[in-house]
2 protein chains.
Amino acid sequence: MVDHDEQNHERSCCPIACALDHLGDKWTLLLIRDLLLGKKRYQEFLESPEQIATNILANRLKKLEAAGFLTLQTYQKNPVRYEYVLTKKGKDLRQVLQALVEWGKTYYPGTEVFKPYG
Amino acid sequence: MVDHDEQNHERSCCPIACALDHLGDKWTLLLIRDLLLGKKRYQEFLESPEQIATNILANRLKKLEAAGFLTLQTYQKNPVRYEYVLTKKGKDLRQVLQALVEWGKTYYPGTEVFKPYG
DNA sequence: GTATTTACTTGTATAATGCAAGTGACTTTA
DNA sequence: TAAAGTCACTTGCATTATACAAGTAAATAC
């Protein structure tokens, strides 16, 4: 698989379009939310109230790692298992999520911002 | 079709999850971008460089109207045709898009913020 | 040794997306 | 006035993504 050009601009040279090429679905930003709240392990992501399916979770973790949003840290061998931690690129989405939270609180009354995990 | 509860919280009571229930795909926020830049008509949306398919555009315009992000203004009869204009709910996504633009400019070097249309 | 936990993968059904072509009501050009 | 073009879609079909359930492998807990 090859990108449209060497700068990864898949659909256009718009920063929003490029961002949505990686973030534009129903689950990816929710995972980023969980990671920002302090979740690190597969089971923890599964426990979120939105109930992501396991195949989608595994797929998104792979894509997020491939795209440099998070890195894997081994916490166990035999079998090897990882904790997922955000890179700076991932952490810097905090402001985007924050803006979305502010908007969401206004237009979905009754919603509650989640507390940091753990 | 019925919502999970009377407050439209489809997956959870998280404002991010509720927002993504309507905005979480590859096209919806790009349409909001175009509307914020001043585009109003079907053809104008088609002319954006990301090349949205006509069936997806028609579908998204319907969903955005149904969800109160935009309203239709008749500009011609026989046949009746509409301009699409953002409501306050739609316009208030400007800060979200702005945060995404700032993030995108940093992590997709070479991208350029689009200029207002018209 | 059996049950449970953890982190997945696999299979299959449904839904979303992408692409090309078609439609209907005009409007413009020859 | 007849043919071609514009505008805003819809339809059909192929591909891809999402959802749900079940299965797997290597531990650890009882």
Side-chain angles (χ1 to χ4, degrees), chain A residues 1-4 10-12 17 20-32 34-35 39-67 70-85 117-118, chain B residues 1-4 10-12 17 20-32 34-35 39-67 70-85 117-118:
Chain A
M1 213 218 288
V2 164
D3 290 317
H4 271 205
E10 292 181 28
R11 287 187 291 180
S12 77
L20 292 178
D21 285 334
H22 292 109
L23 306 171
D25 65 65
K26 284 172 91 96
W27 293 109
T28 301
L29 282 173
L30 284 184
L31 258 182
I32 304 274
D34 283 352
L35 287 156
K39 293 194 178 187
K40 291 175 179 173
R41 294 191 185 179
Y42 198 87
Q43 281 303 317
E44 293 172 350
F45 304 127
L46 288 181
E47 285 157 14
S48 289
E50 295 86 8
Q51 305 257 58
I52 189 170
T54 57
N55 55 345
I56 296 176
L57 174 57
N59 174 274
R60 290 303 184 280
L61 290 171
K62 263 180 206 151
K63 285 188 176 174
L64 285 173
E65 200 233 340
L70 50 81
T71 53
L72 309 186
Q73 294 187 354
T74 305
Y75 73 91
Q76 176 191 295
K77 295 192 174 183
N78 276 322
V80 63
R81 287 188 177 158
Y82 308 102
E83 288 187 335
Y84 302 90
V85 289
Y117 178 81
Chain B
M1 214 216 287
V2 166
D3 290 316
H4 270 205
E10 291 181 30
R11 286 188 292 179
S12 77
L20 292 177
D21 285 335
H22 291 108
L23 306 171
D25 66 64
K26 288 172 88 96
W27 292 109
T28 301
L29 282 173
L30 284 184
L31 257 182
I32 303 275
D34 283 352
L35 287 156
K39 293 193 176 189
K40 290 176 181 175
R41 292 191 187 178
Y42 198 87
Q43 280 303 317
E44 294 172 349
F45 304 126
L46 288 181
E47 286 158 13
S48 290
E50 295 86 8
Q51 304 256 61
I52 189 171
T54 56
N55 54 344
I56 296 176
L57 174 57
N59 174 273
R60 290 303 184 280
L61 290 171
K62 264 180 205 152
K63 285 188 176 174
L64 284 173
E65 200 233 341
L70 51 80
T71 52
L72 309 186
Q73 294 187 355
T74 305
Y75 73 90
Q76 176 192 292
K77 296 193 176 185
N78 275 322
V80 63
R81 286 189 177 159
Y82 307 102
E83 288 186 334
Y84 301 90
V85 290
Y117 178 82

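What you are looking at is a predicted structure, and each value in this text was computed from that prediction instead of being measured. Note on naming: letters A, B, ... go to the chains in the order of the sequence lines (proteins, then strands), and numbering restarts at 1 for each one.
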- Using a cut-off of 4.0 Å on non-hydrogen atoms, how would the nucleic acid contact of A:K62 be classed: base, sugar-phosphate, or nothing? sugar-phosphate

- Short side-chain N/O contact from B:Y75 to OP1 or OP2 of D:dA8, under 4.0 Å: yes

- Item | Ring-face cation contact, A:Y75 with A:R41, 6.0 Å cut, 45° max | yes

- Item | Nearest-nucleotide pick for B:Q43, side chain only, options being D:dG12, D:dA8, D:dA19 | D:dA8

- Item | Atom-to-atom span, CD of B:E44 to P of D:dT6 - whole angstrom | 16 Å

- Item | Residue A:T54, side-chain atoms from C-beta onward, closest of D:dA22, D:dT10, D:dA27 | D:dA22

- Is there a side-chain contact between A:E47 and A:Y42 (heavy atoms, below 4.5 Å)? no

- Show your reasoning for whether side chain to side chain contact (heavy atoms under 4.5 Å, CB included) applies to B:L64 and B:I32. CA-CA 9 Å; B:L64 284 173; B:I32 303 275; 4.1 Å; yes

- Query: Of all nucleotides in DNA chain C with an atom under 4.0 Å from a non-hydrogen atom of chain A, which is the first and which the last going 5' to 3'?
  - Reply: C:dT6 to C:dG11

- Per A:W27 side chain, nearest of listed nucleotides D:dA8, D:dA19, D:dT18: D:dA19

- Item | Whole angstrom value for the distance that separates C1' of D:dT6 from CD of B:E47 | 12 Å

- Query: Is any side-chain heavy atom of A:E44 less than 4.5 Å from a side-chain heavy atom of A:Y117?
  - Reply: yes

- Task: Could you check how far CG of B:L46 sits from P of D:dC9, rounded to whole Å?
- Result: 10 Å

- Message: salt bridge (charged side-chain N to carboxylate O under 4.0 Å, His left out), that's the test. Do A:K26 and B:D21 meet it? Break it down for me.
- Response: CA-CA 7 Å; A:K26 284 172 91 96; B:D21 285 335; 3.8 Å; yes

- Task: Check whether any side-chain heavy atom of A:R60 lies under 4.5 Å from a side-chain heavy atom of A:D25, and answer yes or no.
- Result: yes

- Within this structure, what is the CG-to-C1' distance between B:D25 and D:dA17, rounded to whole angstrom? 12 Å

- Message: Quick check for you: among D:dT18, D:dT10, D:dA25, whose closest atom lies nearest to any side-chain atom of A:R81?
- Response: D:dA25

- Query: If you pin A:Q76 and A:K63 to their nearest nucleotides in DNA chain D, which one's is more 5'?
  - Reply: A:K63

- Task: Indicate whether the side chain of A:K39 and that of A:S48 have a donor and an acceptor atom separated by less than 3.5 Å.
- Result: yes

- Note on the structure: To the nearest angstrom, the CD-C1' distance between A:E50 and D:dC20 comes to 17 Å

- Query: Within the structure shown, what part of the strands sits under 4.0 Å from A:F45 by heavy-atom distance: base, sugar-phosphate, or nothing?
  - Reply: nothing

- Message: Just so I know, are the side chains of B:L30 and A:R11 near enough to count as touching, which here means a heavy-atom distance under 4.5 Å?
- Response: yes

- Atom NZ of A:K26 and atom P of D:dA17: how far apart are they, to the nearest Å? 16 Å

- Query: In whole angstroms, how far is the C1' atom of D:dA21 from the CG atom of A:N55?
  - Reply: 10 Å

- Between D:dA26 (P) and A:Y42 (OH): distance, integer Å: 17 Å

- Message: I want to check one thing: is the phosphate of D:dC9, taken as OP1 and OP2, less than 4.0 Å away from some side-chain N or O of B:Y84?
- Response: yes

- Task: For the side chain of A:I56, starting at C-beta, report the closest nucleotide among D:dA19, D:dT10, D:dA26.
- Result: D:dA19

